[in-house]
Amino acid sequence: MPVQTVSSFNLPTDKVILTHPTGASCEIKTFGATVTSWKVHGQERLFLSRLSDLEGNKPIRGGIPLVFPQFGKGPLMPGQHGFARHSTWEYMGVSKDDDSEIMVSFELRDSDATRASGWPYHFKLTYLVTLTATTLGTHLAVTNTDKVPIRFTALLHTYLTTPDISQVRIGQLGRLNYTDKVQNNLICFEERDQVTIQGETDRIYHSTPDTVPVEVAPGQVVNVKTINFRDTVVWNPWVEKAQAMADLDDQEYQQMICVESGSVHESVTLPSSQTWEAGQVLSVDSE
Ligand SMILES: O=P(O)(O)OC[C@H]1O[C@@H](O)[C@H](O)[C@@H](O)[C@@H]1O
């Protein structure tokens, strides 16, 4: 039984659990279609704060929240990171299930609540989550069901877990421009071949390569391969921001690094009746 659905008191499907014949697994909450766990070789690869609200009252602090239709604050709608991460998605069932991979899909359509959010358009989002022995794929399709073009930014806010933030090394971002949100959106140039984290970090690297390797501990790499997303956000709140966040324990910034595939530096404009697709595949080495 590789796909298990779990209900809660108010949701027929609260959570979907995929288990691969090799033992790899992942869990997805219908709240935000948020992947909250990905285990390979018996090891958890995603960070989930122990203080995260998992009852659907606020976005989940960890895993892979899905940001749509606005990354950050404005200008496309009010609030931070859009409504997709705190909307309850419909579980559409198993799309594929064989010895090599299991795929499930989720859907979110516009509703009174999304149209009242300040982004008034008609749309359909389809999110595919695919598990193999050593990979986790998350693929988003945005369909414009409105009569007018829609404009959005979108991002997979992936929290990877690390035993120690000082050991994290992120490759393939050298010699790229980035927007530094810590320096009032100053455009900077990355000189380093390997990005390490020594303080609050909140950067949008522009036009990043297809695969960004993240060494989360010596010799332990998670590759973030993107499909059609243009940018990569690197975020760690560090000491003071972590202390100010109610759903992150004061010391937990040391156990997480966000490497987020998205199209955020420039928005996407999608004509009526068209579909835009993008995704990522996280992978670890086979043992
Ligand atoms: O606290 P939130 O809304 O989940 O956002 C967390 C962070 O998400 C990152 O993607 C942003 O670049 C940061 O600016 C932001 O602080």
Side-chain angles (χ1 to χ4, degrees), residues 29 31-36 46-87 117-119 138 140 152-162 165 168 170 173 176-188 190 195 197 199-206 208 212 214 224 226 229-250 252-268 278 280 282:
K29 295 273 281 182
F31 182 71
T34 312
V35 180
T36 52
L46 298 177
F47 168 84
L48 178 64
S49 168
R50 67 177 198 88
L51 299 183
S52 179
D53 185 319
L54 297 172
E55 306 299 319
N57 303 307
K58 55 191 288 201
I60 293 172
R61 179 66 66 202
I64 313 180
L66 202 159
V67 169
F68 177 91
Q70 169 68 63
F71 168 74
K73 289 197 170 72
L76 302 173
M77 65 173 284
Q80 161 109 330
H81 286 344
F83 49 69
R85 65 177 181 161
H86 57 76
S87 300
S117 68
W119 198 81
T138 44
L140 175 69
F152 59 86
T153 46
L155 167 134
L156 301 176
H157 199 304
T158 306
Y159 289 75
L160 298 175
T161 186
T162 172
I165 187 69
V168 170
I170 308 169
L173 299 179
L176 292 179
N177 286 331
Y178 63 89
T179 304
D180 194 345
K181 292 176 78 175
V182 174
Q183 295 189 71
N184 207 13
N185 292 327
L186 191 69
I187 306 291
C188 305
E190 181 59 79
V195 171
I197 311 294
E200 185 189 351
T201 303
D202 192 356
R203 299 175 170 190
I204 304 168
Y205 286 88
H206 307 171
T208 43
V212 173
V214 186
V224 183
T226 60
F229 278 127
R230 299 194 54 163
D231 312 307
T232 300
V233 174
V234 176
W235 178 63
N236 184 288
W238 213 250
V239 181
E240 283 174 25
K241 285 257 163 76
Q243 284 170 354
M245 291 162 71
D247 56 359
L248 190 71
D249 211 354
D250 289 359
E252 280 186 315
Y253 74 91
Q254 297 178 50
Q255 266 80 60
M256 55 160 276
I257 179 66
C258 286
V259 178
E260 311 163 23
S261 308
S263 283
V264 295
H265 175 53
E266 287 169 5
S267 59
V268 177
Q280 75 177 15
L282 304 179

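As the structure lists them, so they are numbered: ligands from 1, and atoms in each ligand from 1.
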Practice task
Please write down residue, atom name and distance for the protein heavy atom closest to atom 9 (C) of ligand 1.
Solution key: H157 NE2, 3.3 Å
Handout entry: Any donor-acceptor pair under 3.5 Å from S49 side chain to G62 backbone
Key = no
Completion exercise
Counting heavy atoms under 4.0 Å, the part of K241 that contacts ligand 1 is neither
Practice task
For side chain to side chain contact (heavy atoms under 4.5 Å, CB included), just list the numbers for M256 and W235, CA-CA rounded to whole Å, side-chain angles, deciding distance to a tenth of an Å, and then say yes or no.
Solution key: CA-CA 9 Å; M256 55 160 276; W235 178 63; 3.9 Å; yes
Practice task
Apply the test side chain to side chain contact (heavy atoms under 4.5 Å, CB included) to residues R50 and E252: give CA-CA distance (whole Å), side-chain angles for both, the deciding distance (0.1 Å), then the verdict.
Solution key: CA-CA 9 Å; R50 67 177 198 88; E252 280 186 315; 3.5 Å; yes
Problem - Aromatic centroids of H81 and F71 separated by under 6.0 Å - result: yes
Problem - ligand 1 contact by R85, heavy-atom criterion under 4.0 angstrom - result: yes
Completion exercise
In this structure, atom 10 (O) of ligand 1 is nearest to the protein heavy atom E260 OE1, 2.7 Å
Completion exercise
Closest non-hydrogen atoms of S263 and R230, given as atom of the first, atom of the second and distance, are OG-N, 3.3 Å
Handout entry: Distance from atom 1 (O) of ligand 1 to nearest protein heavy atom, with residue and atom
Key = R61 NH2, 3.0 Å
Practice task
Take T232 and V224 through the test side chain to side chain contact (heavy atoms under 4.5 Å, CB included) and record every step on the way to the result.
Solution key: CA-CA 10 Å; T232 300; V224 183; over 6 Å; no
Problem - Polar atom proximity, Y159 to ligand 1 (N or O, under 3.5 Å) - result: no
Problem - atom 14 (O) of ligand 1 - nearest protein heavy atom and its distance - result: D202 OD2, 2.5 Å
Handout entry: Heavy-atom donor-acceptor pair, S52 side chain to R61 backbone, under 3.5 Å
Key = yes
Practice task
Distance to 0.1 Å, residue and atom name: give those for the protein heavy atom nearest to atom 7 (C) of ligand 1.
Solution key: W235 CE2, 3.5 Å
Exercise for the section: List the closest protein heavy-atom neighbour of atom 15 (C) of ligand 1: residue, atom name, distance to the nearest 0.1 Å. Expected result: Q80 NE2, 3.7 Å
